[in-house]
Every structure is written in structure tokens, then in C-alpha cells.
Amino acid sequence: MLQLHDTATGEVAPLRLREPGRVSLYVCGPTVDGVPHLGHGRFSLVFDVLRRYLLFSGLEVTYVSNITDIEDKIIDRAAAQGVPIAEFTAANEALWWEIMDALGVLRPDETPHATAYVDRMIALIDDLVVRGVAYETATGVYLSVLDVPGYGLLARQPLDTLRAGARIEADEEKRSPLDFVLWKKAKPGEPSWDAPWGAGRPGWHTECVVMSLDLLGEGFELHGGGQDLMFPHHENERAQAVADGKEFARHWMHNGWVTVGGEKMSKSLGNFTSLADLLARSDARAYRLLVLRSHYRSPIEVTPDTIAQAEAGLSRLDELARRFALPDLLAQGPPTGPGAAPGPVDADAVAAFTAAMDDDLDTPGALATVFDLARRANAAADTGDSEVADRAAGTAALLAAALGLRLHGDAGDQVDDVTAGLARERDAAREARDWVRADALRDQLEAAGWLVEDSAEGTRIRRR
RNA sequence: GGCGGCGUGGCCGAGUGGUUUAGGCAGGGGCCUGCAAAGCCCCGUACGGCGGUUCGAUUCCGCCCGCCGCCUCCA
């Protein structure tokens, strides 16, 4: 059974399921206020891998990830561009899904939008006011965090030290500087919804609480996101659920940063790389492999060099797929167990893979079993032991697929007639032992961007 | 200031109280090849510093140094 580090306890513990065989995940999705960046890609890939592994483990998985489509920056940027908010967010969301598809991230089962949940958010806020844990001021409605048992759980820090660092708000009416806004009263010209406290919009922390409980129910298994969401976002979500008497997420999972030159990449630092830029200059699968190569809680450094290393690893696996004509196991959807393999599997390798993944999603260890299988498959094939070789190669394909890594065999490259003709000419030259001409043809093909290899079937070429 | 994380061989990156190694990339040697490429085999005596615990620590404890993060919008 999968064990995961739980942010709330700081310990690695088994996921506690509400009912056997089923698991529900809620992952905080993007605010569609601009282009998706590397950090978005990392959390999407990390939780995609988690989801795929749960599926591979034979569990029925419900995966919910929201789209925040109303928020201060959205309002500002849409206005700056002179575009209606709905148009602005729709365009950014379309780009988001386009890039998620390119990364091979499975679409969530549900993608609730904040704007579709305003009524239910108002109902929650109203309930919190009635319960006496939320109060109205001139600017909005706030949650009184000192009235919430266990506040500070996810911040992993005592309340008084949190308070020491809290920003002094302009709103002097707040009872505690840590209190956060549930409802923002609208200023003239801002988009708004009617509510008992006047026209306004919900605070950011309210949407996820309402949407997760609505779609997954109380006590859903896991809530996740990037580490920067631990506090205050997730802390505040939990606070609302607790204040409302609800059982919230059983387990909290947070992934580490993408760093640039050792520093956190973030919107505020302006040092971010968009995923579109990354995908334009590298194999989309390389980022998945790069993410898998380190533990999800460690920072990852994304540089041209680390991307190139990932691409080199990818070509090794692609070479395996080519040599063994491995099928695309992801074509039929995510594998739900070893039965998805093309043939008999290496049970020891699957066990090693599973042990690694069960241990707080040790993807580097899991990946090591895949590469080890690749080496063993090649070695066995070199000595003519096709049974062992096929089993190892097929198992490697299975495990790569379980991680969402699609391997490319020969099928991927479109060879045009001229290129194919050059390859045939080279075969003829080699047949005639005209090495000078054969090498010249190889140079010509390579100059055109092809890798040229000799094989028993003649010149084999593929895209570099 | 409070809280937390990290520091592993040329690079990336796991892991472990001691016996045989993670894995990948790059590099060196070899096999294979007309030459290559791909693939395989072998190799490089890694654990920030100082103490402590221990028969023995990279792995546990303490201190120090360095880097990073959170405490404020942010995946």
C-alpha cells in the first residue's frame, strides 16, 4: 500500500481510504491569469504520476482539480488588455489544457470553476457567520482564525510566530492580522455577485473548500498542491471546513519548487519560464522524465543541461522500444496493473518498482528499475536469450507506461522519398563495398538531421 | 527574528550503521562494426567541516559553515 508524506503530521503514513478500492484526490489547479509556467507543469506532472500509480495499483481514482477563474490579477489583467474577464480566462484555460495534453497529463475527472460555485460559497460563508466564526467589516467578511482549533497545522508553526510575521492590513477592523477574507466587497467597476453582505466576490481560499467537499464529500483522501499552498491557502481551506464542522482532507501532499539558478521560480520574482517555451525547444516527455528523476518534495533545477540529460535518457528508452518493437501501452489509456504488459512480466522488477513507488512515491528508484530492465533486455538480446530479453523489455515498457512515459519506436519518424532513396543508395554502395560513397551518403543524411545506423536489414535512419 | 529543508563521485540524483553495486548523463578502456552509430562489459577509491555515541558513521546526536524556502500574492 502506498505510503505518503503527510504535511499535516510531517510523517510518512499509509493513505487511509474511506472505502476499500477507491480513492479521491483534490489538487489545487491554476489561476488562469496568464501562461502556464514550469511550476504548474511540475505539480501537474507530480499529481498525474500519483494518479497513474494509484490506477496501476488497481484503485478506482476520482481526481478533481479546479480552475480559478475569478481573482484580483485576472480582473487587473483583463482590464489592462481591454478584454472581458470571461474571454480572458477562457483563452488562458484553453492554453492550459493544450499544454497539459502535450505533457501527457490526464484530464481530471472534474474541473470545477470558481465562478460556477459562488452561490455555494456564499452559503458556506453565511453559515460561518451564523456560527459566529466569521464577521463582517466595511471591506468584507473575515474568518476569525483564532476560533479555529488547530490553526497553524499546515504552516507547521505556532500561531504566535505566525502572527509576528503577518502583514499589517489596511483594514483595522480585522480582529487578528491572520484573519483572512471570505468575501470581498466590490469596488465600483469590479465584477460582483449579490450576497447578504453586499455585492462582491469570494476570497480565494473559499472556492477549494466548497468545490472539494461538494464533489468528493467529507473526509476525502488526499488534498495536494505546490508547497507554497501549504500556508496560507490550504491552512485557510482547512480552517473553513473545520469551522463549519466538516471533516476535510485526510492527507495533505505538497510538491517542491522548480528552481532557477538555485532560487525559487515564481511569478513575483519574474524568473519563470513558460511551459510553451520549454515545449518549443525540447521533447515534451523530457520534462516528465526530469520531474520523475527527483523526489517530488525536492527542488528541481530546470536548465538546458538537465533537460538535455533527460532527453538523452529518453533516447535510451526509445532505442529499447525500437529494438524490441514495443507497443504504445498508453494508447489504451493508463495501465491498471501488470496485466497491461505486452507479454510475461519480470515479477521481481515489478515488485521493486512497486516498493519504490509505495515509499512516498520514490520515482527516482522506480525509474532506476526501468533503466535497469532496459540494460538487462539489451544484454540478454545480445547473447540471443530472447525470452529473457523480451520479458525485460516488455516489463520496462509496462513500468514506463505506468509512469505516463510514452516510448517512441520507429513508427514516429516520417521518412520522405528523397531520404529513403539516399538510404537505399547507401545500401547499394555498402553492398558494393564502396565505403567512400557509403560514408558520403551517411554524411549527407546526417547533415539533413538524421541518425544513421547499420543493421541486418540495411541502413536504418531516424530523426536526431 | 520564528519555523523548516538541503549540502553525495565531472554533472543530475537515490539510498544505507559495517559486507557487492542505486540509476541516468558525460568521460576513459574493451567487445561488436568496413568505419561509425546503437548495444553490451569494465573503470573511476562520493558522501560540507569539527566533535560525540559506537567495535565500526556518509548513514544516529551536537555544534559550525554554506545554500534555499516559508512566516505576504504565488504550483
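Every chain is numbered from 1, with letters handed out A, B, ... down the list of sequences.
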Between A/D454 and A/R460, does any side-chain N to carboxylate O distance fall below 4.0 Å? no
Please determine whether a side-chain nitrogen or oxygen atom of [X] lies at a distance below 4.0 Å from atom OP1 or OP2 of [N].
{"X": "A/S294", "N": "B/G24", "answer": "no"}
{"X": "A/R462", "N": "B/A37", "answer": "no"}
{"X": "A/N378", "N": "B/C40", "answer": "yes"}

For A/D359 and for A/R316, find the nucleotide of RNA chain B with the closest heavy atom, then tell me which residue's nucleotide is more 5'. A/D359
Comparing A/G256 with A/D454, nearest RNA chain B nucleotide closer to 5' gives the residue A/D454
Applying a 4.0 Å non-hydrogen cut-off, can you work out what [X] is touching in the nucleic acid: base, sugar-phosphate, or nothing?
{"X": "A/E319", "answer": "sugar-phosphate"}
{"X": "A/H254", "answer": "nothing"}
{"X": "A/L451", "answer": "nothing"}
{"X": "A/G39", "answer": "base"}

Could you measure between the two [atom1] atoms, the one in [N] and the one in [M], and give it in whole Å?
{"N": "B/G9", "M": "B/G27", "atom1": "C1'", "result": "13 Å"}
{"N": "B/A36", "M": "B/C68", "atom1": "C1'", "result": "46 Å"}
{"N": "B/U8", "M": "B/U21", "atom1": "C1'", "result": "15 Å"}

So which nucleotide from B/U72, B/G39, B/G34 ends up closest to the side chain of A/P232? B/U72
Candidates B/C73, B/A36, B/G23 - which lies nearest the side chain of A/K73: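 Within the option list, the nearest is B/C73.
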Side-chain-base donor-acceptor pair under 3.5 Å for [X] and [N]:
{"X": "A/R442", "N": "B/A36", "answer": "yes"}
{"X": "A/E301", "N": "B/C12", "answer": "no"}
{"X": "A/R156", "N": "B/C70", "answer": "no"}

Distance-only donor-acceptor check, side chains [X] and [Y], under 3.5 Å:
{"X": "A/S282", "Y": "A/E311", "answer": "no"}
{"X": "A/H205", "Y": "A/E235", "answer": "no"}
{"X": "A/E207", "Y": "A/N66", "answer": "yes"}
{"X": "A/E446", "Y": "A/W450", "answer": "no"}

Tell me the stems RNA chain B sits in, counting at least three consecutive Watson-Crick or G-U wobble pairs, each under 3.5 Å on both distances.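 Only these stems qualify: B:1-7 with B:65-71, B:10-12 with B:23-25, B:27-31 with B:39-43, B:48-52 with B:60-64.
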From CG of A/L154 over to P of B/C3, roughly how many Å is that when rounded to an integer?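 Atom CG in A/L154 sits about 19 Å away from atom P in B/C3.
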Are any side-chain N or O atoms of A/Q240 and backbone N or O atoms of A/N236, one a donor and one an acceptor, separated by less than 3.5 Å?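 Answer holds: yes.
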Drop me the distance from A/L216's CG to A/M211's CE, to the nearest 0.5 angstrom.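 If I round to the nearest 0.5 Å, the distance is 11.0 Å.
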List the steps and the verdict of side-chain contact (heavy atoms from CB on, under 4.5 Å) for A/V242 and A/F248. CA-CA 7 Å; A/V242 169; A/F248 204 44; 5.7 Å; no
Going by centres under 5.5 angstrom and planes under 30 degrees, do the aromatic ring of A/W435 and the base ring of B/G34 stack?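 Aromatic stack with B/G34 present for A/W435.
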